[in-house]
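Structure first, then comments.
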Amino acid sequence: MSEQFTNVKSVFRKRFSNLSSAITNRLWLNADTNYECDVLLTFPARIDDHVIIWFLEKFIQLQPDIRISIKYHFTTGVYGFYVTFTYERILKGADTLQLEKPIKQEFGGGYRIFSFDELEFYEGVENEEKFLSSQERQSIVFHLLYSIRIIENEIINRIKFKIDQSLIQRGLEKELIRQIIPLHNKEQLNYLREIWVWPKNIITPQPIEKIRQYFGVKIALYFCWLSCYTKALCLPALYGIYIWYYTGQSQELDDKLFIINSLLNIIWATGFLIFWRRRQAELAYQWNTLDMEQLEETRATYKGTLRRSPVTNKYEPYYPSWKRLLFRLFVTIPMLIINIVLVSILILIIIRFQSWIDRQLKVGRLPSLMSLTELLPKILLALVTTVFDDVYKYVCRWLTDRENYREQRVHDNQMIAKMFACACVNSYLSVFYIAFFTHKNIRLSDQLITIFVIKQFWDHIKEAIIPYIVSNTRLSVLIELSKKEQARYAERKDLNKKLKNILDQLNNSKQIKNINEISTENSFSSHDSIPSFETLSLSQAEIECLQPKWPDLYEDYLELVIQFGYIIFLSTLFPLAAFFSLLNNIVEIRADAFKLCMICQRPFSQRVKDIGHWQKIMEYMVIAAIIVNCIFCSIRGVFRRMLPDLPFAAEIFLLICIEHLLILICKIIRASIENVPYWVRVEKAKMEYRRREALTKLECNALHLKDNNTQANTT
């Protein structure tokens with residue numbers, strides 16, 4: 001029997017390994033490498049041919065420094081424009097985005113906002129391959145594409161393009177352009193998969209610097225925060241196990257452990273938030289985002305009527321604040337209230353339904369059916385919270401997009417506030433109702449075990465495994481179908497000839513220099529014939545086009561902040577909360593890395609200096625945890641048993657005094673510790689001193705040179 005089981009297990013492992021290789025390695029690792037480009041732009045499959053021709057002409061007309069390669073994607077039946085720009089134009093884009101780059105040592109060293117007019121000051125600027133990382137280049141190309149403006153009113157496919165409108169933004173809004181994605185670097189991605197997604201040891205430290213260089217500061221900062229939070233959970237996990245082990249021996253010991261656990265949680269949470277606040281300042285200094293300018297670029301999806309800016313004197317979209325205020329008052333707030341009230345009513349009905357079933361089972365009026373009857377309300381509650389979890393996320397995204405904020409930072413903060421408000425009701429209402437009103441500890445323990453074990457396990461399956469299987473299965477099916485659809489390409493031969501003629505004319509014209517750089521292998525150049533179906537093989541970019549988009553970090557932060565709340569709010573009632581959270585987060589790190597490297601498209605990088613409103617939310621949650629735990633002390637009768645002669649009014653007064661004192665102590669500790677570590681402040685001062693010395697030396701040399709030239713002219 002044992003040998004049969006071993007044989008079955010080995011066959012299953014071999015079959016699973018072969019399936020994984022067939023789905024992933026066969027498609028991804030053996031795909032053709034991308035063209036020498038940074039960003040891929042694709043069009044809808046059934047778009048009119050003249051629209052593609054029009055966009056190609058506009059790109060070349062409005063942005064002469066653009067470099068485009070064209071390829072037909074058989075898996076989806078779309079055309080792809082593989083886009084990059086000349087190095088000179090990319091450097092000018094780095095100037096516009098105010099990227100910070102290293103200064104040569106003779107000019108003081110350190111980092112400084114890049115200026116195209118002062119190239120001689122920057123270290124390695126002559127090295128096109130190394131001066132800018134791939135994610136920096138992609139962000140610049142993305143910005144340059146969105147900065148392409150229409151110079152005259154035109155109508156294409158009955159869609160108006162007005163003067164000074166963004167060509168790309170308008171095309172995406174009207175679905176003339178399907179998507180714009182940054183392309184992966186195969187070598188760097190495979191390296192991250194090896195050392196980050198599939199490390200030899202699951203507790204191997206994350207390659208944070210490699211993540212930053214490849215995915216950008218925002219994603220790297222999230223994984224660094226997740227790593228610090230997971231390490232910090234080791235302490236409450238240890239004393240939580242200790243408290244859980246000794247709980248139940250006597251009522252007096254339970255009361256003492258309850259108070260100790262509450263105080264330790266508050267101390268731990270306050271200490272962790274202070275540590276992270278200083279740690280993120282260190283990272284921001286090392287990644288040159290600590291002194292980021294508050295003036296941000298306009299969001300790519302920001303909409304409004306065009307008017308001249310009083311600052312730049314250029315046409316810019318403008319959206320009046322009173323429209324946003326009216327939308328928030330009459331749409332956003334009512335919709336959020338309706339959503340919160342509806343989910344609250346459903347949760348309370350299910351909890352009352354659970355109480356009714358418990359009473360009926362106790363008197364024998366309902367059959368047990370192997371505990372299925374008792375589990376029915378729990379299943380209903382899980383379904384309701386899961387469904388509303390997806391609903392409120394969609395609603396919050398839609399509302400925030402409709403509010404139309406100009407700056408990304410403000411957009412993110414509004415999105416965070418909406419999602420957290422809805423998530424609090426969806427996640428905490430049921431457990432707080434049971435704890436405050438029903439006082440049924442067994443049911444509360446069952447609810448918390450469900451949250452910390454079953455729900456977290458299901459979240460990993462829903463976020464990583466299911467999308468991976470669906471995405472790769474869909475890709476495999478499309479590839480098989482594309483082999484039987486040669487007619488799709490044959491229908492586009494006229495379009496291919498027209499695109500080729502456009503590039504031929506550009507080759508022979510003097511409007512654009514070095515036009516040969518536009519055409520590469522399998523593009524429509526005068527040197528190559530039109531590629532046939534057989535010569536166009538599956539490319540890496542085609543695979544990436546079929547992958548789902550990275551959904552940003554809102555949901556990942558939200559999940560962990562809600563978990564943080566469970567620990568500081570309810571671990572006094574469930575001491576193993578931190579332990580289960582620690583186990584979950586160890587898996588969470590690899591699951592999120594798996595999503596980034598194996599499932600989703602590469603996101604455009606963003607530069608940030610902190611984790612945003614999430615830090616403030618957690619600080620407010622610590623204050624709320626102090627209040628909640630004081631209420632638990634009163635409800636559970638902890639003070640009444642410890643001080644039996646104390647009147648009820650005096651007990652309430654004492655709890656309020658303790659609660660105020662703890663809040664005051666937390667605020668004093670936060671205020672007394674600097675946000676930026678001492679060594680960072682010293683290094684900034686040293687760098688500024690060296691820059692001033694170098695500038696003074698340059699000015700002196702310039703004066704001496706001027707004097708020498710004056711003396712030479714007089715003689």
Side-chain angles (χ1 to χ4, degrees), residues 36-39 65 67 84-144 182 185 187-188 191-192 207-221 224 280-293 295 297 604-609 676-677 679-705:
E36 293 297 326
C37 68
D38 297 296
V39 171
D65 293 326
R67 297 294 178 260
T84 187
F85 288 83
T86 62
Y87 185 51
E88 178 182 352
R89 190 70 187 89
I90 287 177
L91 290 178
K92 291 179 180 178
D95 187 340
T96 305
L97 292 181
Q98 298 185 337
L99 299 182
E100 293 199 4
K101 302 307 293 181
I103 299 292
K104 293 179 180 178
Q105 290 300 322
E106 58 264 32
F107 301 117
Y111 284 77
R112 176 183 161 189
I113 293 176
F114 181 78
S115 174
F116 183 78
D117 296 328
E118 300 173 343
L119 294 178
E120 66 276 7
F121 291 128
Y122 297 94
E123 187 74 40
V125 69
E126 63 281 349
N127 191 331
E128 181 177 351
E129 295 182 358
K130 295 184 179 180
F131 183 67
L132 294 168
S133 65
S134 62
Q135 53 93 6
E136 287 176 331
R137 288 179 61 97
Q138 289 170 342
S139 297
I140 295 169
V141 171
F142 181 76
H143 168 76
L144 293 176
N185 181 294
E187 294 181 1
Q188 295 178 18
Y191 177 74
L192 282 175
I208 297 296
E209 185 59 28
K210 296 291 184 183
I211 298 171
R212 181 191 69 84
Q213 292 174 0
Y214 192 75
F215 289 110
V217 173
K218 187 175 183 178
I219 290 177
L221 194 63
C224 190
Q280 74 179 357
E282 294 177 350
L283 292 171
Y285 171 74
Q286 294 169 4
W287 296 342
N288 311 307
T289 60
L290 185 60
D291 298 321
M292 280 180 61
E293 296 287 340
L295 182 62
E297 287 287 321
F604 284 101
S605 67
Q606 297 182 40
R607 297 174 71 245
V608 296
K609 62 180 179 181
V676 180
W679 74 267
V680 173
R681 301 198 300 272
V682 170
E683 288 298 319
K684 286 179 63 180
K686 284 182 180 179
M687 188 180 301
E688 186 63 28
Y689 173 76
R690 288 196 298 266
R691 286 179 183 173
R692 290 181 181 180
E693 289 292 312
L695 181 60
T696 304
K697 186 177 179 180
L698 286 173
E699 290 176 350
C700 291
N701 292 337
L703 288 174
H704 285 309
L705 182 61

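Values reported hereafter were calculated over all heavy atoms of this structure, with side chains retained and with hydrogens, waters and symmetry mates removed. Position 1 is the first residue of the sequence, and the numbers go up from there. Everything numeric in this text was worked out from a predicted model, so none of it was measured.
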Within a radius of less than 6.0 Å around CD of E129, do more than 12 heavy atoms belonging to other residues, nucleotides or ligands occur? no

Got I208 and R212 here, is their nearest side-chain heavy-atom distance under 4.5 Å? no

Taking side chain as C-beta onward, heavy atoms only, is V125 less than 4.5 Å from Y87? yes

Charged tip of K92 within 45° of F116 ring normal and under 6.0 Å: yes

Beyond-backbone contact of L192 with F215, side-chain heavy atoms, under 4.5 angstrom: yes

Parallel under 30°, tilted from 30 to 60°, perpendicular over 60°: which one fits the rings of F131 and Y122? perpendicular

Are the side chains of T289 and L221 in touch, meaning some heavy atoms are under 4.5 Å apart? no

Checking the side chain of R607 only, and the main-chain atoms of L99 only, is there a donor and an acceptor separated by less than 3.5 Å? no

N185 side chain reached by Y191 side chain, heavy atoms, under 4.5 Å: no

Could you grab the distance from atom OG of S139 to atom CG of D38, nearest 0.5 Å is fine? 10.0 Å

Assess the residue pair R137 and T84 against the criterion (side-chain contact (heavy atoms from CB on, under 4.5 Å)); give the C-alpha distance rounded to whole Å, side-chain angles, the decisive distance to 0.1 Å, and a yes or no. CA-CA 9 Å; R137 288 179 61 97; T84 187; 3.5 Å; yes

Check step by step if side-chain contact (heavy atoms from CB on, under 4.5 Å) holds for L290 and K609. CA-CA 5 Å; L290 185 60; K609 62 180 179 181; 5.6 Å; no

Could you give me the CA-CA distance, side-chain angles and deciding distance for L144 and I140, then say whether side-chain contact (heavy atoms from CB on, under 4.5 Å) is met? CA-CA 6 Å; L144 293 176; I140 295 169; 4.0 Å; yes

Just to verify, what does F142 make a ring-ring contact (aromatic ring centres under 6.0 Å, His included) with, not counting sequence neighbours? Y146, F604

Of all heavy-atom pairs linking E282 and W679, the shortest is OE2-NE1, 3.1 Å

Do E136 and K101 come close enough that some side-chain heavy atom pair is under 4.5 Å? yes

With rounding to the nearest 0.5 Å, note down the distance linking CD in Q138 to CD1 in I90. 10.5 Å

Looking at every non-hydrogen atom in both residues, tell me the closest pair between E209 and W287 and how far apart they are. OE1-NE1, 3.2 Å

So, for E100 and N288, which heavy atoms are closest and what is the spacing to 0.1 Å? OE1-CB, 3.2 Å

Are there over 12 heavy-atom neighbours, none belonging to K104, within less than 6.0 Å of that residue's NZ? yes

Cation-aromatic face contact K684/Y285, 6.0 Å, 45 degrees: no

Do you know the tightest heavy-atom contact between S605 and G216? CB-CA, 3.6 Å

